[in-house]
K.L.:
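After the structure tokens below, expect a handful of questions from me.
Just the heavy atoms: all of them, side chains too, but no hydrogens, waters or symmetry mates, feed the values below.
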Amino acid sequence: MRRIKVHPKQRRLPGYRWPVPLAGERPYPFAALIETAGYPLQFLANHLRISWARIEEYRAAGLTADEADEFAGRLGMHPAEIWREWG
């Protein structure tokens, strides 16, 4: 099997967590995504390819614009369909 080369900045160390933005930078509530998707939470976590711990973080702190855009895209939607305040 052929190994894929990964740039050193893209490697994740075990237990490393990417820095979380400040609360003011997370204007999009995760609850709106859950409500609009209409899926059970475990299915949604699998579909969005995020861990249960991340779901709890997003529920508590909300989503950044980049995260909101990415997750809406994974559900086949535009972020404005989920969050009315989308710019």
K.L.:
Under the side-chain contact (heavy atoms from CB on, under 4.5 Å) rule, what do Phe30 and Ile55 come out as? Steps first, then yes or no, please.
P.N.:
CA-CA 8 Å; Phe30 192 69; Ile55 284 206; 4.1 Å; yes
K.L.:
Using every non-hydrogen atom in the two residues, find where Ala68 and Pro79 come nearest and quote the distance to one decimal.
P.N.:
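Ala68 and Pro79 have their closest heavy atoms at O-CG, 4.3 Å.
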K.L.:
Could you measure the distance from the CG atom of Leu33 to the CE atom of Met77? Nearest 0.5 Å is fine.
P.N.:
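Leu33 atom CG to Met77 atom CE measures 8.5 Å (nearest 0.5 Å).
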K.L.:
In terms of heavy-atom contacts, does CD of Glu35 have more than 12 from other residues, nucleotides or ligands at under 6.0 Å?
P.N.:
no
K.L.:
Counting neighbours of CZ on Arg59 that are heavy atoms of other residues, nucleotides or ligands and sit closer than 6.0 Å, is the number greater than 12?
P.N.:
no
K.L.:
Hey, could you give me the CD/OG distance between Glu57 and Ser51, rounded to the nearest 0.5 Å?
P.N.:
7.5 Å
K.L.:
In this structure, which one of Tyr58, Phe71, Trp86 forms a ring pair (Phe, Tyr, Trp, His ring centres under 6.0 Å) with Tyr28?
P.N.:
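By the ring pair (Phe, Tyr, Trp, His ring centres under 6.0 Å) criterion, Tyr28 pairs with just one of Tyr58, Phe71, Trp86: Trp86.
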K.L.:
Could you grab the distance from atom CD1 of Ile50 to atom CZ of Arg74, nearest 0.5 Å is fine?
P.N.:
8.0 Å
K.L.:
Which distance, rounded to the nearest 0.5 Å, do you find between the CD1 of Ile34 and the CG of Leu44?
P.N.:
6.5 Å
K.L.:
Could you tell me the separation between the CH2 atom of Trp83 and the OG1 atom of Thr36, rounded to the nearest 0.5 Å?
P.N.:
7.5 Å
K.L.:
CG/Asp69 to OG1/Thr64 distance, rounded to the nearest 0.5 angstrom?
P.N.:
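So the gap between those two atoms works out to 9.5 Å.
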K.L.:
Taking the side chain from His47 and the backbone from Leu75, do they hold a donor-acceptor pair closer than 3.5 Å?
P.N.:
no
K.L.:
Would you say the side-chain atoms of Glu81 pair up with the backbone N or O of His78, donor to acceptor, closer than 3.5 Å?
P.N.:
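Confirmed, Glu81 side chain pairs with His78 backbone.
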